[in-house]
Amino acid sequence: MEDQDEHLPPLLTEPADGVPFVIDTARGLQRCAEALAAGHGPVAVDAERASGFRYGQRAFLVQLKREGSGLWLIDPEPFDTLVPLQRALGGAEWILHAASQDLPCLAELGMHPHALFDTELAARLAGLPRVGLGAVVESLLGVRLAKEHSAADWSRRPLPQDWLRYAALDVELLIELREKLSSLLGEQGKSDWAAQEFEHARTHRPPTVPRHDRWRRTSGINRLKSRRGLAVLRELWRAREHLAEQKDVSPGHILPDSALVAAALESPTTVPQLLAVPGFHGRAAKREAPRWLRAVRAGATSQDLPDLQRRTGGPPPPRSWKERHPLAFRRYRTARERLTFLAERLEIMPETLLTPAVLKQLCWDPPAQIDLDSIAAALTALGARPWQVDQTAAVVTVALLDPDPLSDL
């Protein structure tokens with residue numbers, strides 16, 4: 001531990017027992033599994049991905065720590081699965097920070113928690129002003145974590161020692177942090193709320209955007225005002241995606257989104273025109289120029305023109321409600337204001353009290369008969385947890401039945 005400034009909490013620069021070697025052999029994995037099985041209590045878990053460098057969201061390092069087992073670093077790349085670790089942990093509770101980020105890539109490795117404690121969710125429910133791991137550790141444990149490699153390319157081999165030190169620190173204090181947060185939630189009467197949130201995070205899988213629609217997530221797509229332009233963008237996105245998957249690199253490393261949008265606006269027909277489009281520079285732009293021109297041509301001649309707006313099935317953005325659906329606008333603004341007040345009283349963020357998407361859907365399309373029972377049922381159907389229904393149903397019901405007039409909004 002170092003203290004570089006007497007006014008700051010001490011800086012933790014490496015785990016108490018040092019940084020372990022990375023496990024990358026079958027024998028090492030078996031040794032890790034045996035150690036974890038012999039341990040006791042919950043297990044701290046984390047994973048490092050190479051977002052922005054590699055295609056997809058797979059894990060390139062898995063970190064685990066358990067009392068009586070020690071701290072382990074696993075390289076998943078040499079293994080088809082980490083199921084031996086899953087068996088070794090049995091029904092142990094997993095402790096993760098921001099579990100929704102890591103559970104999908106861990107599931108790809110055959111690892112699924114039987115019980116979960118999410119320290120980020122716990123911090124939100126406890127009303128902490130900052131919920132990043134470093135901030136929560138500093139607030140509750142009085143220690144600063146060295147946090148300088150979060151955006152690193154974790155697919156690099158061998159991994160530098162200082163990166164491994166950073167990764168190990170991500171699980172070093174999670175067990176202690178869990179105990180502090182659990183006590184704090186108990187004092188606030190929120191333990192049951194937390195248990196519901198953890199179970200929801202463990203079992204809920206948000207709907208994925210179908211592959212044929214993922215191109216609509218392109219940054220800057222709102223610059224395209226024609227269906228033809230969207231068709232060109234769609235084909236360019238598909239061409240880039242196919243190449244990125246082949247090469248196992250992030251699509252953005254091949255061409256930035258801004259280049260795809262610019263090409264969709266200009267629809268170049270020759271290589272010189274293409275390479276004059278902003279963003280079309282570098283090796284991938286030049287070497288793959290025929291690929292990009294074929295995509296532009298396919299979009300320019302396609303008979304399958306996409307709609308200007310993706311049909312999501314949900315309500316439109318609230319900014320348009322005042323003219324399109326004034327009553328829904330009044331309901332939404334009234335309910336949001338009152339839920340914000342309630343959240344302040346409960347010392348949690350409004351979006352933790354009730355997901356904005358749930359509130360928007362309910363205000364735009366409420367039950368035909370608005371009363372406490374129907375609103376509670378609608379909230380439940382939209383995915384609100386029981387504690388959220390208990391806290392918000394009455395507030396939302398009154399807001400829908402008697403929204404404030406436009407003059408007050």
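Bear in mind that the values here come from a model prediction, so they are computed numbers and not experimental data. These numbers come from the heavy atoms of this one structure, side chains and all, not from hydrogens, waters or symmetry mates.
A donor-acceptor pair is defined here as one N or O able to donate and one able to accept, closer than 3.5 Å; no such pair exists between the side chain of R130 and the backbone of A135. Side-chain N or O atoms of T218 include none that pairs as donor or acceptor with a backbone N or O of I221 at under 3.5 Å. T25 places a side-chain N or O within donor-acceptor distance of the main-chain N or O of G28, the cut-off being under 3.5 Å. The backbone N or O of L236 sits nowhere less than 3.5 Å from a side-chain atom of W215 that would complete a donor-acceptor pair. A donor-acceptor pair under 3.5 Å is absent between the side-chain atoms of H114 and the main chain of A92, judged by distance alone. Side-chain atoms of H112 do not come within 3.5 Å of backbone N or O of Q86 as any donor-acceptor pair. Side-chain atoms of R165 never come within 3.5 Å of backbone atoms of E14 as a donor-acceptor pair (strictly under, hydrogens ignored). Between the side chain of R338 and the backbone N or O of V395, no donor-acceptor pair lies under 3.5 Å. The closest donor-acceptor contact from the side chain of R49 to the backbone of R58 lies at 3.5 Å or more, if one exists at all.
Annotation for L125 and K190: closest pair O-NZ, 2.7 Å, computed over non-hydrogen atoms. Nearest heavy atoms, P15 versus V19: CD-CG2, 3.9 Å. Of all the heavy atoms in L128 and L184, the pair that sits closest is CD2-CD2, 4.3 Å. For the pair L61 and D75, the tightest heavy-atom approach, listed with the atom from each and the gap, is CD1-N, 4.4 Å. Nearest heavy-atom pair across P306 and R216 is CB-NH2, 3.5 Å. For the residue pair L224 and V261, the shortest heavy atom distance occurs at CD2-O, 4.0 Å.
For the pair S69 and L36, the minimum side-chain heavy-atom distance is below 4.5 Å. When side chains are defined from C-beta on, L71 does not count as touching D17, because their heavy atoms never get closer than 4.5 Å. Between P104 and Q57, the closest side-chain pair of non-hydrogen atoms is not below 4.5 Å. The side-chain heavy atoms of D365 and P315, taken from C-beta on, include no pair separated by under 4.5 Å. Two residues are said to be in side-chain contact when any heavy atoms from C-beta on lie closer than 4.5 Å; E120 and L133 fail this criterion. Side-chain contact between H325 and L327 is present, with heavy atoms from C-beta onward closer than 4.5 Å. In this structure, L174 and P42 have side chains that are not in contact, with every pair of non-hydrogen atoms separated by 4.5 Å or more. For the pair D102/V45, no side-chain contact is recorded, criterion being any heavy-atom separation below 4.5 Å from C-beta on.
Remark: I375 CD1 to Q369 CD distance equals 10.0 Å, nearest 0.5 Å. In this structure, OH on Y332 lies 13.0 Å from CG on L400, to the nearest 0.5 angstrom. The line from CG of D371 to CG of L401 is 8.0 Å long, rounded to the nearest 0.5 Å. Of the inter-residue distances, the one linking T397 atom OG1 with L372 atom CG reads 5.0 Å to the nearest 0.5 angstrom. To the nearest 0.5 Å, atoms CZ (F329) and CG (L406) are separated by 6.5 Å. Taken to the nearest 0.5 Å, the CZ atom of R331 stands 11.5 Å off from the CG atom of D402.
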- Task: Could you walk me through whether R333 and D404 pass side-chain contact (heavy atoms from CB on, under 4.5 Å), step by step?
- Result: CA-CA 8 Å; R333 293 291 293 272; D404 293 336; over 6 Å; no
- Tell me, with the steps shown, if Q388 and L379 meet side-chain contact (heavy atoms from CB on, under 4.5 Å). CA-CA 9 Å; Q388 293 175 313; L379 286 168; over 6 Å; no
- Query: What's the verdict on side-chain contact (heavy atoms from CB on, under 4.5 Å) for W163 and E48, showing C-alpha distance, side-chain angles and the deciding distance?
  - Reply: CA-CA 10 Å; W163 293 19; E48 305 295 346; over 6 Å; no
- Give the intermediate values and the outcome of side-chain contact (heavy atoms from CB on, under 4.5 Å) for residues S302 and R234. CA-CA 11 Å; S302 174; R234 178 187 63 201; 3.3 Å; yes
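Note on R124 versus D118: no salt bridge recorded, every NZ/NE/NH1/NH2 to OD/OE distance being 4.0 Å or above. We find that R202 and E199 are joined by a salt bridge, their nearest charged nitrogen and carboxylate oxygen being less than 4.0 Å apart. Ion pairing of R240 with D257 is present here, as a side-chain N (NZ or NE/NH1/NH2) and a carboxylate O approach within less than 4.0 Å. Checked for salt-bridge contact, R178 and E93 meet the test: a charged N lies under 4.0 Å from a carboxylate O. Ion pair E235/R238 flagged as a salt bridge, since at least one NZ, NE, NH1 or NH2 atom sits closer than 4.0 Å to an Asp/Glu carboxylate oxygen. Between E77 and R157 there is no salt bridge, since none of the side-chain N atoms of the basic residue sits less than 4.0 Å from a carboxylate O of the acidic one.
Between W364 and W321, the two ring planes are tilted [angle within 30° to 60°]. Under the 30°/60° scheme for interplanar angles, the aromatic rings of F117 and F198 are found to be tilted.
Between the side chains of W387 and E197, a donor-acceptor pair is found at a separation under 3.5 Å. Judged purely by distance below 3.5 Å, without hydrogens or angles, the side chains of Y55 and Q246 never pair a donor atom with an acceptor atom. One side chain, S155 or R54, offers a donor N or O that lies under 3.5 Å from an acceptor on the other. No side-chain donor-acceptor contact under 3.5 Å links S267 and R228.
Of the candidates L382, L342, T392, L362, T392 is the only one forming a side chain to side chain contact (heavy atoms under 4.5 Å, CB included) with L354.
Environment of CG in D248: crowded, with over 12 heavy atoms of neighbouring residues, nucleotides or ligands closer than 6.0 Å.
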